[in-house]
Amino acid sequence: MSKYFKYIISIYYVLISFGIVNASRIDSLARAFSLTEEDTQKVIIYNLIAKEFINKYPEKALDKAHKASILAREASYHHGLIESLIISGTVYKNGNNNQQAIKFFEKAKEAGDILSDHSLGNIIHLNLAELYFNLKQYNQANFFIDKVNSEKFNHKLWIRAQSADAKIKQKVGKFDEAILSYFGILKSYNNNSLEAASTHISLGEINQLKANYTESQFHFYKALKIYELEDYKEGIASVFVNLGNLNFEQRLFDNALDFNFKALAIYNEHDDNLNKSKVYDNIGLVYHRTKNYPRALEYFTQSLNIRIQSKNEVLESRSYNLIADLYEDQKDLSKAIIYHFKSIKLLKDLEDMEALAEAYLSLSRLYFHSEQYPKVIETASKGYKAAEYSGNSWLIQEIAKLLAESNQKKGNYKEGYLYYETYSNIKDSLRALQKSQQIERLETIYENERKEKEIALLNKEKELQELAIKKQEIQRNGLIIALLLLLIVFFFMYRAFKQKEATENLIRKQNALVEKKNQDIMASLNYAKRIQDSILCDTSKLNDLVKDAFVMFMPKEIVSGDFYWFEKIESKAIFAVIDCTGHGVPGAFMSMVARSEEHTSELQSPDHLVCR
């Protein structure tokens with residue numbers, strides 16, 4: 001790695017540590033890229049630039065990550081390849097394109113198996129767990145969470161893994177275990193941190209699912225207080241949305257509208273279209289529930305338009321389902337069917353099997369209520385396959401029940417009985433699961449209480465140790481930063497000194513050269529003056545011609561373009577002052593030429609001289 005490359009990368013990390021603007025970091029990286037010829041270094045820089053673009057400019061991030069992956073493959077640079085694939089997967093994950101994100105993280109996993117890099121492996125497994133969670137494939141999500149090696153995790157990623165694990169427990173109905181997990185996470189945060197606020201929101205959502213509305217409201221307001229202290233507008237808006245949902249569930253519709261409109265005002269201010277569409281859904285649901293169908297359709301349509309423009313097909317399918325349900329309640333079954341089919345078409349392309357099964361179930365119920373049993377059987381059968389693929393027992397149970405009843409109505413008693421048997425078995429297994437979960441929950445609560453008492457005895461000592469360690473870390477980090485700053489300042493001062501020294505040396509050399517040239521020129525001019533003086537008349541002989549005569553001869557530039565001449569010819573004294581063209585050296589040359597032309601034997605008068 002070249003010396004200059006290391007210098008630029010060091011400056012890049014210093015800029016990050018001091019929060020210098022994104023543009024400065026990108027400029028530094030671009031400068032390093034232009035100076036390096038090694039492919040591995042170019043891969044590193046491409047990946048660093050992609051990380052800078054990942055939130056604000058996802059398309060640019062994908063472009064840089066793609067270039068990094070191509071170079072990394074050519075250079076057999078596996079670590080750089082894995083990082084570029086992780087970046088691409090993260091971009092698609094942030095854009096809710098879960099299937100595409102999974103493809104990139106799976107490729108990263110395959111490349112990571114070659115290196116056996118636990119830190120990268122943990123990041124890949126964690127992201128895959130979160131993605132499968134988004135797709136409601138909780139068994140797969142749990143599989144990847146179990147593969148995470150907590151010993152190889154930094155604190156921040158450990159918290160993410162714990163949060164993902166808690167969310168999976170929440171989704172599979174293990175609410176009390178999820179609550180205990182979240183309280184464990186909460187202890188690792190500062191009470192007023194943004195992370196603590198996010199955990200309070202999760203606790204509020206679980207308690208809402210358990211119908212513990214007072215406890216749910218307590219956690220939402222704890223989060224709101226933290227966000228208001230930090231003036232974190234997006235966080236405040238998210239709490240308003242949750243409070244709106246809580247009031248909606250309690251049929252406090254005016255309060256629900258009030259909270260959602262507050263959230264909408266913040267999202268409008270920040271031009272957050274995606275969250276605006278979700279709030280439009282919530283407002284539309286309130287108007288739907290209060291039978292204000294035109295207003296409900298107005299908000300559902302606004303939400304749908306945003307999602308179509310942003311090409312968010314996952315949320316677009318949700319909008320179609322909401323509009324379909326609205327038309328169904330208005331007994332406009334033909335329009336309801338049209339929107340259900342629009343949703344199903346999108347979900348097929350997205351391969352979201354659980355959402356697809358739900359859409360088929362809704363459409364099947366619509367056909368059932370209109371006594372279109374053949375269509376119920378056709379549609380529900382497709383939903384049954386999707387539900388089986390997703391592994392959602394509740395969906396399988398509900399669709400099996402619908403298929404049993406529809407086959408019975410059509411006289412297909414054997415098939416009806418088989419589906420009813422499936423329905424009964426799943427129902428019984430779910431009841432047994434609920435009982436086992438209750439027992440497990442009680443055991444977990446008891447075990448956690450015992451552990452908490454043990455931990456409480458050690459907490460004070462641990463806290464003191466942590467405070468001492470934190471103080472040492474702060475001092476160490478402060479010293480490192482100070483030394484780094486001193487090194488940077490020294491580097492620039494030394495470079496400036498060397499530049500000044502080089503400039504002064506150059507000036508001295510130039511001055512010496514000029515002085516030498518001047519000396520040579522002056523020597524030449526002085527010698528030329530001696531030559532010119534030798535051809536001029538001897539002024540000591542002038543008094544022989546004219547008494548008390550003298551000559552004032554003061555050349556402007558050492559040598560002269562003018563000259564004087566006098567001579568006695570027979571009984572006449574002839575004097576001449578001759579002005580030649582030019583001054584200095586050119587004039588002197590002219591004077592020499594003119595002097596050489598003067599032949600005294602032929603001069604009898606001044607006009608002879610002029611005529612010559």
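Annotation for Ile145 and Ala164: closest pair CD1-CB, 3.7 Å, computed over non-hydrogen atoms. Contact detail for Ala357 and Gly383: the closest heavy-atom pair is CB-O, 3.7 Å. Nearest heavy-atom pair across Ile399 and Ala380 is CG2-O, 3.2 Å. Summarising the geometry of Phe248 relative to Leu285, their closest heavy-atom pair is CE1-O, 3.7 Å, with the distance given to 0.1 Å. For Ile201 against Ser238, the heavy-atom pair with the smallest separation is CD1-OG, 3.8 Å. Of all the heavy atoms in Ser216 and Gly204, the pair that sits closest is OG-O, 2.6 Å.
The pair Asp63-Lys67 counts as a salt bridge, with a side-chain nitrogen and a carboxylate oxygen less than 4.0 angstrom apart. Using a cut-off of 4.0 Å between Lys/Arg side-chain N and Asp/Glu carboxylate O, Lys167 and Asp165 are scored as not salt-bridged. We find that Arg160 and Glu130 are joined by a salt bridge, their nearest charged nitrogen and carboxylate oxygen being less than 4.0 Å apart. Salt-bridge formation is detected for the pair Lys51/Glu83: a Lys NZ or Arg NE/NH1/NH2 atom is positioned less than 4.0 Å from an Asp or Glu carboxylate oxygen.
Listed by chain and residue number, Phe33 satisfy the ring-ring contact (aromatic ring centres under 6.0 Å, His included) test with Tyr46 (two or more places apart in sequence, or in another chain). Remark: Phe104 engages Tyr92 in a ring-ring contact (aromatic ring centres under 6.0 Å, His included) (not counting sequence neighbours). Applying the ring-ring contact (aromatic ring centres under 6.0 Å, His included) test to Tyr384 and every residue at least two apart in sequence or in another chain returns Tyr419.
Side chain to side chain, Tyr320 and Glu316 meet the donor-acceptor criterion of an N or O pair below 3.5 Å. With hydrogens and angles left out, the side-chain atoms of Asn139 and Asn142 include no donor and acceptor closer than 3.5 Å. Side-chain contact check for Glu249 and Tyr213: at least one donor-acceptor pair (N or O, by modelled atom type) lies under 3.5 Å. Between the side chains of Ser84 and Asn47, not a single donor N or O lies within less than 3.5 Å of an accepting N or O.
Within the 4.5 Å cutoff, side-chain heavy atoms of Ile179 are placed close to those of Lys210. The shortest distance between side-chain heavy atoms of Glu205 and Leu209 does not fall below 4.5 Å. Here the side chains of Tyr287 and Leu257 are in contact, with some heavy-atom distance below 4.5 Å.
Between the OG atom in Ser76 and the CG atom in Leu81 there is a gap of 9.5 Å [rounded to 0.5 Å]. Distance check, rounded to the nearest 0.5 Å: CG of Leu194 to CD1 of Ile226 gives 8.0 Å. Rounding to the nearest 0.5 Å places CD of Glu388 at 8.5 Å from OG1 of Thr422. Note that NZ of Lys233 is 13.0 Å distant from OH of Tyr267, once rounded to the nearest 0.5 Å.
Stacking of Lys262 on the aromatic ring of Phe240 is recorded, both the 6.0 Å distance cut-off and the 45° axial limit being met.
Between Ser277 and the options Gln302, Arg307, Arg318, a side chain to side chain donor-acceptor pair (under 3.5 Å) holds for only Arg307. The salt bridge (Lys or Arg N to Asp or Glu O under 4.0 Å) with Arg365 is formed by just one residue from the set Glu398, Glu358, Glu328; it is Glu398.
Counting only distance, with no hydrogens or angles, the side chain of Ser88 and the backbone of Leu85 share no donor-acceptor pair below 3.5 Å. Ser406 places a side-chain N or O within donor-acceptor distance of the main-chain N or O of Leu402, the cut-off being under 3.5 Å. Under the 3.5 Å distance criterion, the side-chain polar atoms of Asn212 are left unmatched by any main-chain donor or acceptor of Glu215. Using a distance-only test at 3.5 Å, with no hydrogens or angles considered, a donor-acceptor pair links the side chain of Ser364 to the main chain of Tyr360.
Within a 6.0 Å radius of NZ in Lys93, other residues, nucleotides and ligands contribute more than 12 heavy atoms. Within a 6.0 Å sphere centred on OH of Tyr420, other residues, nucleotides and ligands contribute 12 heavy atoms or fewer. The environment of CZ in Phe261 is crowded: more than 12 heavy-atom neighbours from other residues, nucleotides or ligands sit within 6.0 Å.
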Discussion item. Quick one, Ile123 with Asn127, criterion side chain to side chain contact (heavy atoms under 4.5 Å, CB included). Give me CA distance, side-chain angles, the key distance, then yes/no.
Written reply: CA-CA 6 Å; Ile123 293 168; Asn127 277 284; 3.5 Å; yes
Fill in: Residue pair Asp329, His288: steps toward the side-chain hydrogen bond (donor to acceptor under 3.5 Å, both in side chains) verdict
CA-CA 9 Å; Asp329 281 358; His288 184 174; 2.6 Å; yes
Fill in: Evaluation steps, side chain to side chain contact (heavy atoms under 4.5 Å, CB included), between Val239 and Tyr227
CA-CA 9 Å; Val239 175; Tyr227 287 142; 3.7 Å; yes
Worksheet item: Taking it one step at a time, do Val314 and Asn97 satisfy side chain to side chain contact (heavy atoms under 4.5 Å, CB included)?
Response: CA-CA 8 Å; Val314 175; Asn97 193 337; over 6 Å; no
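The aromatic rings of His200 and Phe218 stand perpendicular to each other, their planes meeting at an angle above 60°, with 30° marking the opposite boundary.
Aromatic rings of Phe144 and Tyr132 (six-membered ring for Trp) have centroids within the 6.0 Å cut-off, being under it.
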